[in-house]
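The structure displayed is predicted, hence computed values, not measured ones.
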Amino acid sequence: MLLPRMGDGPQGLEPDDITADRPLESPAAWPTEQSDTLTASLDEAVSAAEAAFDRLQRPDGHWIFPLEADATIPAEHILLQHFLDEIDPETQAGLATFIRRRQGADGGWPLFHGGALDVSCSVKAYFALKAAGDAPDEPHMRRARDAILAHGGAARCNVFTRIMLALFGQIPWRGVPVMPVEILNLPTWSPVHISRISYWSRTVVVPLLVVMAHKPRARNPRGVGVAELFTVPADRVADWHSAPDDTALARLFRGLDSFLQLIEPRLPKSGRRTAIERAVTFVTERLNGEDGLGAIFPAMVNAIMMYDCLGYPADHPDVVTARGAMDKLLLRQGDEILCQPCLSPVWDTSLACHALAECGGPHARAMASRAAEWLAERQVLDVQGDWTWRRPGIRPGGWPFQYANPHYPDTDDTAVVVMALDRCGAERYAERIERGREWIEGLQSTNGGWGAFDADNNSHYLNYIPFADHGALLDPPTVDVTARCIGMLAQLGLDGKHPTVATGVEFLRREQEPNGSWFGRWGTNYIYGTWSALCGLNAVGIAADDPMIRRAAYWLLSRQNEDGGWGEGGVSYWPDRIAEDHCPSTASQTAWALLGLMSAGLILHPAVTRGVRFLIDNRNADGLWDEEDFTAVGFPRVFYLRYHGYSAIFPLWALARYRGMAEERRVTVPWGV
């Protein structure tokens, strides 16, 4: 196998080079001599990782890796036990151990590994540990309390944390923005209809509206409170608004909230009864068996509390279903229990399928084929999900992220699965591929991009309501998802002249940052977005010398670390703090950068070889890679994720692609991702 020589990276790149209108410096041809050392190391690394995937594949062909969030999720599980007075000492102890070990050096709890204290996360973590029996005078509790008070105290929490505090009687309900359940009675043309918010917000909010209408008091059998976390007594706090925005629209919605605070108790009871009935119908239709409402933890918790408010007994079938789904998210790891925000088997399996397809060889192909069979059966073909509210008449044909979530398939999973099926058996899966393509085309938004779960979910004014201080109420089109969708369409044979593809490309052109990168909505961050965009644009046939591609490639080259890898942290989601984001290299982000550069035609660039060497040299004893960093995102600046599978899947994918292109002496990538 002929490989590029090892060489120095892009040393000396200046800011002007990132947008320079000149050719990229890269060898014009493959070297004539063989790099035996690198070839042997590369073969060994790919083989070892492939063997690890063989060990990890489930008997039915799929993979699933742990999915980790911050301390908020296990804290909410503990507090729900105390809300219901259904405390499981063993589960509580394992969750509490997880929380204690995630406490930061500053005394609080961060949203992602290595991050700074987040007040809302820290308040929930402290409250949960206190409920679990940690005494307030223990050193870790004192440090947490001091840190929270130094950041303004519990009064500075976000809305969802304040709702929890109100349920436990720690703050008055006036500290929570009004969201009357009666909004469920509004017609579809209403500017605040439930269809205008994202799927995850919808499934979380609908049962929560019922809870907020009842304003129950947690049973809280141990009488635990956190008055010590307030700088002034909670009943003396005058301003509960946590969103800093002071625009005219924000002030308007705050005024409306004040008005609703006055009139909500006087709203007609008949309208409330009707709205609650609609909420119960909505939730019960979407309980989703053992996979839960929306297949996400916060929605499951709110469904359980809703049923409790309505007087459902613990053995009611719907309550049993909701509780079982939530408990399915618990994963014991030694003496810790990880409460996962959701499960990711379709996403993990589809990505692993691509990585193994890159490996080649009969054993890797056999693993990928078994995975493809499992994926094919997960397609949603018979449920008209919530996406039909915006796109009626489109036939179902998408895939969910989780084992099952039929009302909420997503475009990202669907695009990646379709491309995997196309690689593993285009003829065998032709009908399923066509249904997936049809659904993806039908979910394109009018601006040319794709959101994750809905089309045209971009009523941005809703982010100004006081209830939406987390800024994650919507699901607008994003670069990463759009790139995957056009990459899928191109892999299936649609060229850049096809209207759907052409408008998708134009969306990506408009969204490119001035420095050449693209924002990454679902992965951290600009490395993820830039990799995604470059893969999609390459598949469509945008030439490597296109200025858009050239600027992106220069940006990636400029971000390479001295050790040959790439890294980026969650702080890059705060625009005013991007300059602080100088992060150590991670395996997954290095792989994204390499996949992006290869899609930009730069497999021969010395920086790519250095990145490959970084991955080869930083493996663990299992032949995979260790990574504590959170390189994925639920909601930027609010909720971050660590996919334990990313540090396994993407490095194998990058190394196998590099090896395959070198063996075939190719400088172009033929796939959509």
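A donor-acceptor pair shorter than 3.5 Å can be found between the side chains of Asn158 and Thr161. Between the side chains of Asp386 and Tyr408, at least one donor N or O lies within less than 3.5 Å of an accepting N or O. Side chains of Asp60 and Trp374: a donor on one and an acceptor on the other come within 3.5 Å. Using modelled atom types and a 3.5 Å distance limit, the side chains of Tyr403 and His62 yield a donor-acceptor pair. In the model, Gln491 has a side-chain atom that pairs as donor or acceptor with a side-chain atom of Asp422 under 3.5 Å. Looking at His82 and Gln92, their side chains do bring a donor and an acceptor atom within 3.5 Å of each other.
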Please test Arg101 against Asp335 for salt bridge (Lys or Arg N to Asp or Glu O under 4.0 Å), starting from the C-alpha separation and ending with a verdict.
CA-CA 11 Å; Arg101 289 180 180 156; Asp335 60 347; 2.8 Å; yes
Residue pair Phe630, Phe112: steps toward the ring-ring contact (aromatic ring centres under 6.0 Å, His included) verdict:
CA-CA 6 Å; Phe630 284 41; Phe112 50 85; 7.3 Å; no
Apply salt bridge (Lys or Arg N to Asp or Glu O under 4.0 Å) to the pair Asp454 and Arg202, showing each step before the final yes or no.
CA-CA 12 Å; Asp454 288 289; Arg202 202 177 303 143; 3.3 Å; yes
Candidate pair Trp531 and Phe650, rule ring-ring contact (aromatic ring centres under 6.0 Å, His included), full reasoning
CA-CA 12 Å; Trp531 155 64; Phe650 287 108; 5.5 Å; yes
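Here Thr411 contributes atom OG1 and Trp399 contributes atom CH2; the two are 13.0 Å apart, rounded to the nearest 0.5 Å. Distance check, rounded to the nearest 0.5 Å: CD1 of Ile194 to OG1 of Thr188 gives 13.0 Å.
The only option from Ser201, Pro477, Ser198 that meets the side-chain contact (heavy atoms from CB on, under 4.5 Å) definition with Asn457 turns out to be Ser198. Of the candidates Thr274, Val280, Thr281, Thr274 is the only one forming a side-chain contact (heavy atoms from CB on, under 4.5 Å) with Arg278.
Aromatic ring pairs are classed by plane angle as parallel below 30°, tilted from 30° to 60° and perpendicular above 60°; the pair His77 and Phe297 is parallel.
Between Asp70 and Arg102, no side-chain nitrogen of the basic residue sits less than 4.0 Å from a carboxylate oxygen of the acidic one, so the salt-bridge criterion is not met. With respect to the salt-bridge test (charged N to carboxylate O, under 4.0 angstrom), the residues Asp410 and Arg484 do not qualify. Salt bridge status for Arg370 with Glu373: absent, with no side-chain N to carboxylate O gap under 4.0 Å. Using a 4.0 Å cut-off between charged nitrogen and carboxylate oxygen, Glu358 and Arg423 count as a salt-bridge pair. Ionic pairing of Asp348 and Arg58 is not present here: no N-O contact between side-chain nitrogen and carboxylate oxygen is shorter than 4.0 angstrom.
Closest of all the heavy-atom pairs between Gly169 and Arg217 is CA-NE, 3.4 Å. The two residues Trp389 and Ser195 come nearest to each other via the heavy atoms CE3-CB, 3.0 Å. For the pair Leu356 and Ala364, the tightest heavy-atom approach, listed with the atom from each and the gap, is O-CB, 3.6 Å.
Taking the salt bridge (charged side-chain N to carboxylate O under 4.0 Å, His left out) definition, one finds that Glu431 meets it with nothing, sequence neighbours left out. Under the rule for a salt bridge (charged side-chain N to carboxylate O under 4.0 Å, His left out), Arg365 has no partner lying at least two apart in sequence or in another chain.
Among pairs with a residue in residues 298-323, those fulfilling ring pair (Phe, Tyr, Trp, His ring centres under 6.0 Å) read Tyr307-Tyr312, Tyr312-His316, at least two apart in sequence or across chains.
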